[in-house]
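In what follows, a structure is listed as structure tokens, so that the remarks can point back to it.
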Amino acid sequence: MKKRVVRFVEKAVAVVAAARGFKSSDLPEIGIELPREKAFGDFSSNIAMQLSGCWKDNPRAIGAALKDELDKEADLARVTIAGPGFINMTLELSCWHRRLQEIMGQGADFARLDYGRGRRVLVEFVSANPTGPLHIGHGRGAAVGDVLARLLKRTGFAVDREYYVNDAGNQMMVLGRSLRWRYLELLGRRQGEIPDGYYRGDYLLEMAKELLANQGAELVAANIDEEDETGIEFFTKLAADDILVGIRDDLDLFGVEFEHWTSEKEFFTSGRVDAALADLKKTEVLYEEEGAVWFASSRFGDEKDRVVVRANGVKTYFASDIAYHREKYERGYDLLIDIWGADHHGYVPRLKAAIEALGNEPESFAAILVQLVSLSRGGTPVAMSTRSGEFVTLEEVVKEVGKDAARYFFLTRRSDSQLEFDLELAKSRNNDNPVYYAQYAHARICSILRKAKEEGLKPNPDKTSFGASLILPEELDIIKKLDNFTALLESAARTLEPHRITYYLDELAAQLHSYYNRNKVITEDLQVSGDRLLLVDTIRQVINICLTLLGVSAPEKM
RNA sequence: GCGCCAGUAGCUCAGCUGGAUAGAGCAACGGACUUCUAAUCCGUAGGUCGAGCGUUCGAGUCGUUCCUGGCGCGCCA
């Protein structure tokens, strides 16, 4: 609808520009907004103010000239000039009624946009080290990443989700040592507290017990000396594989699926890290100093240069990450989105530098930083640390509060603002939980539709009289809100901010609840009932789309 | 010390590419179920948008300087 109004204004501006002898080529872009105040009409434009500078005339005079042109449009019921020069426009009611019918007619395909024009996007998220179960912080990343992927898909991107398994490096050795220690502990060959720096979560103890039960003591114990690192690789692989299975299960429970699981280790073994470094070397951004190989990331805006190969010959995590992102581009993606914990923000400039050094557009890479989730229980902070084993797992939370509430909760805030997750609050199944509000609206409409069906009524399909009885201000507001959904999705996709869906949904649900309490949908009047059924059914449809985007169920009864 | 993110109602937070009189939920207070689902609704009250300066027709939004909080500044991942 907005685009139609933009065209009206464009046309008017072109006519007036021609009359005043200005070229149509150097006109500013037409901005159309939804005014805050209803009294200002359906749409408003500030174009007169923008033109006043280059046309050397006052905004109200320009506005008046534009108004004369706009008054010729049959679909515009009213055009006024207000304040410093706003052009306020009100559409004919019939336009809104037609729009409602149109939205309903598009069904589940409403707001399926072509904004992305088929560009290929890779959204990489969670990517937690396979050193322990996913905790609540990973849950936030999972929710944001998954919903963002769904959003981009709907707005016209070709999207893949990817989990990068960080199965290389020191941490994996520590994991192996930790499991081996637990195993030896069960055999009575280790006593006391597990050493500092080891992972001490209960899951490793459980794993060790299972290992002992399945494989016995001799199989692996025979060759293990008290002190050396014998068998570490065996334990590492065992632990990592087992944990990864658990991670997949947890994400499955959370409703998150990945198209790809990529292993960091394979980048080393396949020689891709070396190939990436060779590429960088060609562009002369690598140099040696103090025995190490450095990447001159400071030339691309990073605060200092970074080591890619240590003096001991071992390549850094950064080196494999360069290879990883290089490979993403090779796979043909136009846009890379990485979702990281905000504590990794210092890492963004160097990766961006590498991406640029490899000849890619810096704008084709975006890192979304998700702030930490601070955990509390009934208002008391809970410490979280994988190594100490003190944390609440994602699995635990999902099982307690349900997938719907958990996912929704993570999207009630924009990602760069910190989120406090109170376990007591989340676990309590009371009415404070915002997800029920939207779901209830959906169930309520379904209930109305059931009742209508019993009475032989259905949403008005009549192409000539549809919606004509929808004349209440709140009805018009709802239609506008429904119409605005496409713009909302587009802006959410443009800014990569999936939380906007949640807020929109909440507002739409509020409008429905309010409308429901004020008006009866099923009345004596067949025309009115049919039109109102059309209205609420369309609301239901859009709520359904929102909930689907959020990965939250849309119950027909509650 | 440098950098990133945040600072909006008592609390938790929205505020779309700068737009007109700054919003919601919770908490507080007062109302609405013989009615299509009260997991709801309606009303009241609550603000120098951290502070200053600047940019312009116009700033919560942009620039800049401070203040406060979180995080990061490794040849760890």
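By convention in this document, chain letters (A, B, ...) are assigned in the order of the sequence lines, proteins followed by strands, and residues within each chain are numbered from 1. Values reported hereafter were calculated over all heavy atoms of this structure, with side chains retained and with hydrogens, waters and symmetry mates removed.
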(request) Compute the centroid of each ring, for Y324(A) and then for Y164(A), and state whether the two points are separated by less than 6.0 Å. (result)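 Yes, close enough.
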Check this one for me: any side-chain N or O of [X] less than 4.0 Å away from OP1 or OP2 of [N]?
{"X": "R350(A)", "N": "C73(B)", "answer": "no"}
{"X": "R306(A)", "N": "C76(B)", "answer": "no"}
{"X": "R494(A)", "N": "U17(B)", "answer": "yes"}
{"X": "Y436(A)", "N": "A39(B)", "answer": "no"}
{"X": "Y437(A)", "N": "C41(B)", "answer": "yes"}
{"X": "H499(A)", "N": "G15(B)", "answer": "yes"}
{"X": "Y516(A)", "N": "A38(B)", "answer": "yes"}

With sugar-phosphate meaning primed atoms plus P, OP1 and OP2, does [X] contact a base, only sugar-phosphate, or nothing at under 4.0 Å between heavy atoms?
{"X": "N484(A)", "result": "nothing"}
{"X": "K304(A)", "result": "sugar-phosphate"}
{"X": "R500(A)", "result": "sugar-phosphate"}
{"X": "K520(A)", "result": "base"}
{"X": "D167(A)", "result": "nothing"}
{"X": "Y503(A)", "result": "sugar-phosphate"}

Distance-only donor-acceptor test (3.5 Å): side chain [X], base [N]:
{"X": "D343(A)", "N": "G72(B)", "result": "no"}
{"X": "S44(A)", "N": "A20(B)", "result": "yes"}
{"X": "N46(A)", "N": "A20(B)", "result": "no"}

Could you check which nucleotide pairs with [N] in any of the strands shown, counting Watson-Crick or G-U wobble with both distances under 3.5 Å?
{"N": "U35(B)", "answer": "none"}
{"N": "G74(B)", "answer": "none"}
{"N": "G43(B)", "answer": "C29(B)"}
{"N": "G7(B)", "answer": "C67(B)"}
{"N": "A24(B)", "answer": "U12(B)"}
{"N": "G19(B)", "answer": "C57(B)"}

With the side chain of [X] defined as its heavy atoms from C-beta on, choose the nearest nucleotide among [options].
{"X": "T495(A)", "options": "G19(B), U17(B), A77(B)", "result": "U17(B)"}
{"X": "A292(A)", "options": "G15(B), G19(B), C75(B)", "result": "C75(B)"}
{"X": "H345(A)", "options": "G3(B), U17(B), U40(B)", "result": "G3(B)"}
{"X": "R36(A)", "options": "A20(B), C5(B), U12(B)", "result": "A20(B)"}
{"X": "S417(A)", "options": "G74(B), C75(B), A14(B)", "result": "A14(B)"}
{"X": "P84(A)", "options": "C13(B), G19(B), C75(B)", "result": "G19(B)"}
{"X": "I448(A)", "options": "C36(B), C13(B), C76(B)", "result": "C36(B)"}
{"X": "S514(A)", "options": "C75(B), C42(B), A14(B)", "result": "C42(B)"}
{"X": "E290(A)", "options": "C4(B), C75(B), U40(B)", "result": "C75(B)"}
{"X": "R414(A)", "options": "G7(B), C36(B), A20(B)", "result": "G7(B)"}

Worksheet item: When you measure from the centre of the six-membered ring of F267(A), is the NZ or CZ of R272(A) under 6.0 Å away and within 45° of the axis?
Response: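 R272(A) over F267(A) ring: yes.
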[atom1] atoms of [N] and [M], separation to the nearest Å:
{"N": "A14(B)", "M": "C62(B)", "atom1": "P", "value": "15 Å"}
{"N": "U8(B)", "M": "G60(B)", "atom1": "C1'", "value": "7 Å"}
{"N": "G10(B)", "M": "U48(B)", "atom1": "P", "value": "8 Å"}
{"N": "C11(B)", "M": "A27(B)", "atom1": "C1'", "value": "7 Å"}
{"N": "U12(B)", "M": "C76(B)", "atom1": "C1'", "value": "36 Å"}
{"N": "A9(B)", "M": "G25(B)", "atom1": "C1'", "value": "12 Å"}
{"N": "U55(B)", "M": "G23(B)", "atom1": "P", "value": "28 Å"}
{"N": "U64(B)", "M": "G72(B)", "atom1": "P", "value": "25 Å"}

Please state how far atom [atom1] in [X] lies from atom [atom2] in [N], giving the value in whole angstrom units.
{"X": "I368(A)", "N": "C71(B)", "atom1": "CD1", "atom2": "P", "value": "22 Å"}
{"X": "N129(A)", "N": "A77(B)", "atom1": "CG", "atom2": "P", "value": "10 Å"}
{"X": "L534(A)", "N": "C36(B)", "atom1": "CG", "atom2": "P", "value": "22 Å"}
{"X": "L496(A)", "N": "U17(B)", "atom1": "CG", "atom2": "P", "value": "12 Å"}

Checking side-chain contact (heavy atoms from CB on, under 4.5 Å) for the pair Y515(A)/I539(A): CA distance, chi angles, key distance, verdict? CA-CA 11 Å; Y515(A) 181 67; I539(A) 299 171; 5.6 Å; no
(message) Checking the side chain of Y163(A) only, and the main-chain atoms of A128(A) only, is there a donor and an acceptor separated by less than 3.5 Å?
(response)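 Such a contact is found between Y163(A) side chain and A128(A) backbone.
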Checklist entry - Within the side chain of N517(A), is there an N or O that forms a donor-acceptor pair under 3.5 Å with the backbone of H513(A)? => result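 Present.
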Is the base of A20(B) stacked against the aromatic ring of F40(A), taking ring centres under 5.5 Å apart and planes under 30° as the test?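 Base of A20(B): stacked against F40(A).
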Open item on the list: Quiz question: by atom type and distance under 3.5 Å, do the side chains of T90(A) and D42(A) form a donor-acceptor pair?
Closed with: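 Distance-only check fails for T90(A) and D42(A).
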State whether a side-chain donor-acceptor pair under 3.5 Å links S320(A) with E264(A).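 Yes - a donor-acceptor pair under 3.5 Å links their side chains.
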Between [Y] and [X], does any NZ, NE, NH1 or NH2 come within less than 4.0 Å of an OD or OE carboxylate oxygen?
{"X": "K451(A)", "Y": "E455(A)", "value": "yes"}
{"X": "E162(A)", "Y": "K328(A)", "value": "no"}
{"X": "D537(A)", "Y": "R540(A)", "value": "yes"}

5'-most contact on RNA chain B: Y317(A) or I32(A), nearest heavy atom basis?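 Residue closer to the 5' terminus by nearest nucleotide: I32(A).
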(message) If you assign each of A168(A) and K2(A) to its closest nucleotide in RNA chain B, which residue comes earlier from the 5' end?
(response)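 The residue mapped nearer the 5' terminus is K2(A).
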Is C73(B) syn or is it anti, if syn means the base angle is within 90 degrees of 0?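 Anti, which is what one calls it when the glycosidic angle falls more than 90° from 0.
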Which heavy atom of A493(A) sits nearest to which heavy atom of L151(A), and what is that distance?
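Taking A493(A) first and L151(A) second, the nearest heavy atoms are N-CD2, 3.8 Å.
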Option passing side-chain contact (heavy atoms from CB on, under 4.5 Å) with L134(A) (candidates V397(A), V126(A), I243(A)) =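 So, applying the side-chain contact (heavy atoms from CB on, under 4.5 Å) to L134(A) and each of V397(A), V126(A), I243(A), only V126(A) qualifies.
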Its contact letters, B for base, S for sugar-phosphate only and - for none at protein heavy atoms under 4.0 Å, make nucleotides 26-32 of chain B read -------
